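Everything below concerns the one structure shown next.
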Amino acid sequence: MPTTNAQLAAIFHQMADLTEITGGNRFKVNAFAKSGRVLEDMTKQVSEIDPALLPKVEGIGKGTAERIAEFLETGQIADHQKLLAQVPSGLLKVMDVPGLGPKTVALLWNEVGIESIDDLKAKIETGELEALKGFGKKKIENILKNLKFAESAGDRQRIGLAYALAIMLIEDLKDLPSIEKIEYAGSLRRGKETIGDVDILVASSGTDEQKKAIFDAFVNHVAVADVIAHGDTKASVRTHEESKGMQVDLRVVAPENFGAALMYFTGSKEHNVKMRERAIAQGMSLNEYSLSKDGEPIAGATEEDVFAAMNLAWVAPELREDRGELALAESDELPKLLELADIKAELHSHTTASDGRWSIEENALGAAGRGFHTVAITDHSKGQAQANGLSEKRLVQHIEAVRKVAKKLEGTITVLAGSEVDILADGSLDYDDDLLAELDIVVASPHAALTQDPAKATKRLLKAIENPYVTIVGHPTGRIVNRREGLSPDMEAIFKAAKDRGIALEINASPYRLDLRDTHARTWVQEYGGKLAINTDAHSEDHLNNLRFGVVTARRAGATTDDVVNTMSKSTLAKWIKSTRP
DNA sequence: GCCGTTTTCGGCCCGACTGTTTTCAGTCG
């Protein structure tokens, strides 16, 4: 996300929090938060959008448009500054402590003068909090526990970790008697790159006794460190450090409610709000149990039932972000999203020649084992010395070795000799064109100088895209989820140039990368009609399992099989690669 | 503050769990 959009998004989120603490209009709070969310999702720099069109963007009205203009002109927003002046800055951190919301924080501030986390700790120590109305022993104990957690735990975790945790729990619970269905929901099901907590939903028509057994198994699971809540229909736990202390919520519902519950817990929250408003407009009401009319349930067993009863096509979870999906569902114009099984080629993978942990042949057979018709061996170029990148001389030998394996495996899988060639800081590539011409396919990726400013980054990537031998730009921004921001180039300029060249931009499927990210991929596909390449960047067999994360990211972008080069038939793919080269 | 095929004014989603309550407010998702 470009810096300005990120700054603005943060300001609007903060205005929402501050307005909440000061007891402002709660609908205004929602509106501020919505503006923040919309800004986060934008690919285009807000400064490049015609100010007259800005209020037309859903979630941004006259007020927000004016504030954005004010920020672009002066670098700050007066209303934001006014709110900041009213509320001690440390209070916002206090609100981040789980269990402490705006009402409690305001009370702590107004009644005992707590203005920061340190104040909170001190007042608990002196026992002043116990005198407050509504503050019992248990509540204070919980605050202490949550303070500790807030200090040690990170925010959201990468999807790879959350997915592994969810699958482990589901595997360990699914055979309990009376469990009819069990699925993960939440942002994990929507395929977001990071997950706040894991939601697991169970359908059961079992006895109270059997349901109790399900919850008992859950809260006593070996991965569980702490039980946060444990009721008759719902339990929440915190996991051990191996799973980064992630929170997991388990919910058990009757089978006739499973679909409505799955929708509810899959979210997003914003999508759900739109669905409920829509139900009301149609004279019905929707909750996590069913869609009902005049108090009588009319749908709930499956998601399809509920959507159909509201005259909507079923919306894939990845699209449930309140980005216009309901309008498309109403007119039955939702894209037919690509599926994991549609992927038939891996176009970016490594071997022991550079930093992979498997041979050329193991790699090729691994890809063949997944049902792929083509694999490209793309080891690192010489600039990646720490990854044992190939010198020109070694690359020539490597090409030979790949061709030998290719010949041996003829009829099993097509093996392409390629390279993941470094895009150097100035945009030149790490090998000369003469050498690149010898390869079947070139993935060009940035690896170093990932903190350069946006203007330089844009120039750098544009120069690489101009190279006639580049077929795919690999992990275009070089970001690492939750760790490194990576490049923030002018994505629109990149898209335009890549589209003109007819090359593909990669969604690197590693849960550490997911680069392009969903919002970029969405613009690339929806607005430019650009081609995506979804690659695992496999350094070993198990990395091929990451493909699912690349696919859900592409699905979040609304991508169909037509948008993704890895879904092409063998001959079409070969033709397409040729078409990108001189 | 945002929004509109019942609306440019007057609405704006819904339920479980907890802790502290003796009937409910706050938080969370």
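Quick caveat, the model's predicted, so the values are computed rather than measured. Naming: A, B, ... by sequence-line order, numbering from 1 per chain.
For A:Arg522, the side-chain contact (heavy atoms from CB on, under 4.5 Å) partners are A:Arg323, A:Gln526, A:Ala557, not counting sequence neighbours. Not a single salt bridge (Lys or Arg N to Asp or Glu O under 4.0 Å) links A:Arg238 to another residue, sequence neighbours left out. Partners of A:Ser89 according to the side-chain contact (heavy atoms from CB on, under 4.5 Å) rule, which considers only residues two or more places apart in sequence or in another chain, do not exist here. Every residue two or more places apart in sequence or in another chain that forms a side-chain hydrogen bond (donor to acceptor under 3.5 Å, both in side chains) with A:Asp216 is listed here: A:Lys212. Scored by the side-chain contact (heavy atoms from CB on, under 4.5 Å) test, A:Lys181 finds A:Ala203, A:Phe258 as partners (sequence neighbours excluded). Partners of A:Phe265 by ring-ring contact (aromatic ring centres under 6.0 Å, His included), not counting sequence neighbours: none found. Shown here are the side-chain contact (heavy atoms from CB on, under 4.5 Å) partners of A:Thr74, two or more places apart in sequence or in another chain: A:Glu70, A:Gln76.
For A:Arg26, no side-chain nitrogen or oxygen approaches OP1 or OP2 of B:dG1 to under 4.0 Å. Contact between the side-chain N/O atoms of A:Ser236 and the OP1/OP2 oxygens of B:dC28 is not found at any separation under 4.0 Å.
Base-pair partner of B:dC3: B:dG10 (Watson-Crick or G-U wobble, both distances under 3.5 Å).
Nucleic acid contact for A:Arg67: sugar-phosphate only, since backbone atoms but no base atoms lie under 4.0 Å from a heavy atom of the residue. Among the atoms of the strands shown, none is found under 4.0 Å from any heavy atom of A:Asn272.
Here, B:dT8 and B:dC12 have their C1' atoms 16 Å apart, quoted to the whole Å. Nucleotides B:dG15 and B:dT20, compared at atom P, are 26 Å apart to the nearest Å. For the P atoms, the distance from B:dC17 to B:dG11 is 32 Å, rounded to whole Å. Taking atom P in both B:dT6 and B:dC2, one finds a spacing of 24 Å when rounded to whole Å. Rounded to the nearest Å, the gap between the P atom of B:dG1 and that of B:dT5 is 23 Å. Only the P atoms considered, B:dG26 is 14 Å distant from B:dT21, to the nearest whole Å.
Remark: the A:Thr207 side chain and the A:Glu209 side chain contain no N/O donor-acceptor pair separated by less than 3.5 Å. Judged by distance alone, the side chains of A:His271 and A:Glu321 never bring a donor and an acceptor atom under 3.5 Å apart. Of the N and O atoms on the side chains of A:Thr477 and A:Asp515, at least one donor lies less than 3.5 Å from an acceptor on the other residue.
Taking the syn range as angles within 90° of 0, the glycosidic angle of B:dT7 is syn.
Separating the CG atom of A:Leu83 from the C1' atom of B:dG1 is a distance of 13 Å, rounded to the nearest angstrom. In this entry the distance linking CE of A:Met275 with P of B:dC12 reads 18 Å, nearest Å. Between A:Phe265 atom CZ and B:dC28 atom C1' there is a gap of 11 Å when expressed in whole angstrom units. Remark: P of B:dG1 and CD1 of A:Ile77 are 12 Å apart, rounded to the nearest angstrom.
Counting only residues at least two apart or on different chains, the side chain to side chain donor-acceptor pair (under 3.5 Å) pairs with a member in residues 51-66 of chain A are A:Lys34-A:Glu58, A:Ser35-A:Thr64, A:Glu58-A:Lys274. Among residue pairs with one or both ends in residues 94-113 of chain A, none qualify as side chain to side chain donor-acceptor pair (under 3.5 Å); sequence neighbours excluded.
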Report each atom pair, protein N/O against N/O of nucleotides 2-11 of chain B, whose distance is under 3.5 angstrom.
{"from": "B:dC2", "atom 1": "OP1", "to": "A:Gly61", "atom 2": "N", "distance (Å)": "2.5"}
{"from": "B:dC2", "atom 1": "OP1", "to": "A:Thr64", "atom 2": "N", "distance (Å)": "3.3"}
{"from": "B:dC2", "atom 1": "OP1", "to": "A:Thr64", "atom 2": "OG1", "distance (Å)": "2.7"}
{"from": "B:dC2", "atom 1": "OP2", "to": "A:Gly63", "atom 2": "N", "distance (Å)": "3.2"}
{"from": "B:dC3", "atom 1": "OP1", "to": "A:Gly59", "atom 2": "N", "distance (Å)": "2.6"}

Heavy-atom protein contacts under 4.0 Å, nucleotides 14-21 of chain B, coded B base, S sugar-phosphate only, - none: BSSSSSS-
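Within residues 297-328 of chain A, no residue is approached by DNA chain B to less than 4.0 Å at the level of any non-hydrogen atom.
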